[in-house]
Protein chains: 4
Amino acid sequence: MVLTSAQRVRRAAVKLFADKGFHGTGIRDLAQAAKLSPASLYHYMGTKEELLGAIMRESLNRLLTGAHEVTAGLAEPPEKLAALVALHVFTHAKQPAETKVVDNEVRALSAGLRREIVRLRDEYEQLWAETMETGLAAGVFHDDEPAVTRLALLEMCNGVARWYSPRGPLGLDRLAAHYAKLALRMAGAAESDCANAVRAAARVVSTVWRTPL
Amino acid sequence: MVLTSAQRVRRAAVKLFADKGFHGTGIRDLAQAAKLSPASLYHYMGTKEELLGAIMRESLNRLLTGAHEVTAGLAEPPEKLAALVALHVFTHAKQPAETKVVDNEVRALSAGLRREIVRLRDEYEQLWAETMETGLAAGVFHDDEPAVTRLALLEMCNGVARWYSPRGPLGLDRLAAHYAKLALRMAGAAESDCANAVRAAARVVSTVWRTPL
Amino acid sequence: MVLTSAQRVRRAAVKLFADKGFHGTGIRDLAQAAKLSPASLYHYMGTKEELLGAIMRESLNRLLTGAHEVTAGLAEPPEKLAALVALHVFTHAKQPAETKVVDNEVRALSAGLRREIVRLRDEYEQLWAETMETGLAAGVFHDDEPAVTRLALLEMCNGVARWYSPRGPLGLDRLAAHYAKLALRMAGAAESDCANAVRAAARVVSTVWRTPL
Amino acid sequence: MVLTSAQRVRRAAVKLFADKGFHGTGIRDLAQAAKLSPASLYHYMGTKEELLGAIMRESLNRLLTGAHEVTAGLAEPPEKLAALVALHVFTHAKQPAETKVVDNEVRALSAGLRREIVRLRDEYEQLWAETMETGLAAGVFHDDEPAVTRLALLEMCNGVARWYSPRGPLGLDRLAAHYAKLALRMAGAAESDCANAVRAAARVVSTVWRTPL
DNA sequence: CATGAATGAGCATTCATTCAT
DNA sequence: CATGAATGAATGCTCATTCAT
């Protein structure tokens, strides 16, 4: 399959920003990876920073949309949390480069862009927070430090992008299910709730991920 | 309290590498933060990269030593795991800059130094792995994906450096205890084992952290 | 009134070269001002430098032709000088952009084009020199440094392009007449000759400028 | 005589900005002319534009100071005008590069610096305007368009920097005296006033120019 | 006639580093 | 111990220009 120049630029940027960091990636690295001259790069991007911003915006928007879709049909907090975790893990395992960029390079943005990206990220994290609160209020979660647990949970899931390999022994569905179970345990859900919730999550998430992104 | 120039350089580097990344930090930034001229910096360091390496080496060695000390007197896997988690969390909460550098900037090292640092890190992580294996073999942990759980655990604990604030409502001891409990839950330990293990961990860790670092 | 693309290019170049200088004007500035893409520009010009040369050539040729026309019917040196000055001032006031380009951007030309343009300029200035010499020989001008005076005169007249505004209080005819008088004074002409000469000059110059350029 | 690097940078900039214009001069040209690497240039300047601004500021300040000194001891408008003209001509003949930069490159400055430089230039030109007004009010000058004459006068004098050569037949004192006479004629001063005024001007100006600048 | 895509060369500026003083 | 002076290499980005469509 032949890629357009614009696509090659985007992919080169995602890969290089993820591997070497924004400041560690030069415009000439980008050009070489995109098989373009440094000058030609500028047909497909504004500045290097705007390219970074565009990558982050797109990635976060996709995650946010996915999170809404995936929780839409679910009523119980354990199911919802499992679905959020599974989607997050799926995304981080399938697109480790994009997600590493989102997770690590916010500091490279200057004020204006940073504000926008942080707002998107906060919006996304709010979905997790609401789910946990609802579950605690309903008595299906048990946790004396829910704020901490939520952060711990997120960081745990982000980590997937750092180590998961599709060539490893663990399938994506198994991985997502395992993380969902870990999450429910961390939230203090009853073991009996886990299996159902994890199953429900697996179903909706794989639906979202069948859709081409 | 007055700092020596060497100390000012070290601290400036830790802070700036943590905040802006290795490649995002210039020698001039370092000099300014250390209240030295760029040329004078070179009395206290080799190259910028060697400075990074030294910071990482020291930080990892300290963690490794601490891990040995903290587990030395403990026999049961739950206690050991709780101690490792608590020490890790303590360290990441007290020295977020150092640990962020260790966790994020390995990619900035060139081959030689990287090998050394990665070896240290692997040595440290091996302690976690052994503890989990022993616990599983002894039937006090229950987990069908222990390798994954170990990685999830580590990432979760690393995350503390990214968000913990000493000005927040949560004390360090409470935080460490909470993480220890989360970890034991993730490992599938019995709830009844948790409380004891966490208490034991708290005792030994605070001993280590009373010692000046 | 609608302009052709070629005209838009020419006008954009004249304006921008005058305002920002040849080196200060980019091909993209030109394209934007001409409402064309940078590539399309090249249907209407050779290189950027050739465009500059063409503007200068045309402008100088027009001035040269005008100078011949304007002095053709006049016999007395004061009348001729007055006519030359008036035409020069008229031209610089009506076409400040063109004349600024001619006066300031010769240095931007490379050797070949520069030679051509300088030759045209010299040919034009020769008309002033001859007029002054004739007047001195005839005893109607009095000046002990005529070469200097001629240069001073020219620079003074060139200056008009830098400050004259049609929105100011001074009409073009009054301006030209005033400069003609200043010139005759500088040449040491008798005050009694001035009035006549200036009147004669005004007549011929306005004739030339009624013709569309 | 050996020059410091800082002096070489300054001189190179003055010469090159004058010859090829600000935009026509590259940082590499500057470095080569100053016998320094492009990087070393930046020990002695801020940006290229700030270097331009510094040159202009210094040049204008010197001219302004000189104008005050030179007119301080003179009472009569013709003498004052002659002195201003003679100083201006002296300066433009002796420092053609500096003055060409001041006269031609204001447009290359960005808003902030431009404002500052234009203010200085206006302050200087105000001295000419006041002198002419006083002379007209006193009836020693006769001119029905004094504003125009003042501008014509200035442009005429600026022109000196464009053509005067110390290797030509005309001495600096003679040149200045001639311009002073031209100026008085343009202002409509009586011929009888000219000789005295020019002599007085010559005296004060050469005093100022004996002082090292 | 018009332009999107492309580029080699060049831009001003900053980089980490060295060294004489 | 400290630094001003110096630099080769690299930075992100723009330049004028060409050409296939």
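Just so we're on the same page: letters track the sequence lines, and every chain starts at 1. Since the model is a prediction, treat every value here as computed from it, not as a measurement.
Rounded to an integer number of Å, the gap from CD of Gln7(C) to P of dC1(E) is 14 Å. Residue Lys35(C) contributes atom NZ, which lies 18 Å from atom C1' of dC1(E) at whole-angstrom precision. The distance between atom NE2 of His43(C) and atom P of dG4(E), rounded to the nearest whole Å, is 12 Å. Rounded to whole Å, atom P of dC19(F) lies 17 Å from atom CG of Leu41(C). Distance, Lys20(D) NZ to dG10(E) C1': 13 Å, rounded to whole Å. The nearest whole Å value for the distance from the CG atom in Leu36(D) to the C1' atom in dT14(E) is 16 Å. The CZ-C1' distance, from Phe17(B) to dA16(E), rounds to 12 Å in whole Å. The distance between atom CG of Leu3(A) and atom P of dA5(E), rounded to the nearest whole Å, is 16 Å.
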Contact state string [nucleotides 10-17 of chain F, B base, S sugar-phosphate only, - no protein heavy atom under 4.0 Å]: -BBBBBBB
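In this structure the side chain of Met56(C) never reaches within 4.5 angstrom of the side chain of Leu113(C), judged on heavy atoms. Here the side chains of Val9(A) and Leu30(A) are not in contact, with every heavy-atom distance at 4.5 Å or above.
Qualifying side chain to side chain donor-acceptor pair (under 3.5 Å) partners for Gln32(B), counting only residues two or more places apart in sequence or in other chains: none.
Residues Ser110(A) and Glu49(A) have side chains that bring a donor and an acceptor to within less than 3.5 angstrom of each other.
Within the structure, salt bridge (charged side-chain N to carboxylate O under 4.0 Å, His left out) contacts touching residues 14-35 of chain C (residues at least two apart or in different chains) are Lys15(C)-Asp19(C), Lys20(C)-Asp29(C). For residues 107-116 of chain C, every residue pair satisfying the salt bridge (charged side-chain N to carboxylate O under 4.0 Å, His left out) rule, not counting sequence neighbours, is listed here: Arg57(C)-Glu116(C), Arg107(C)-Glu105(D). Among pairs with a residue in residues 9-41 of chain A, those fulfilling ring pair (Phe, Tyr, Trp, His ring centres under 6.0 Å) read Phe17(A)-Phe22(A), at least two apart in sequence or across chains.
A distance of 11.5 Å separates CG of Asn158(C) from CG of Asn158(D), quoted to the nearest 0.5 Å. The CD atom of Glu58(C) sits 12.0 Å away from the CG atom of Leu120(C) when rounded to the nearest 0.5 Å.
Secondary-structure stems of DNA chain F, taken as three or more successive Watson-Crick or G-U wobble pairs (i with j, i+1 with j-1) under a 3.5 Å distance threshold, comprise E:2-21 with F:2-21.
A close approach under 4.0 Å does not occur between any side-chain nitrogen or oxygen of Ser40(A) and OP1 or OP2 of dA5(E).
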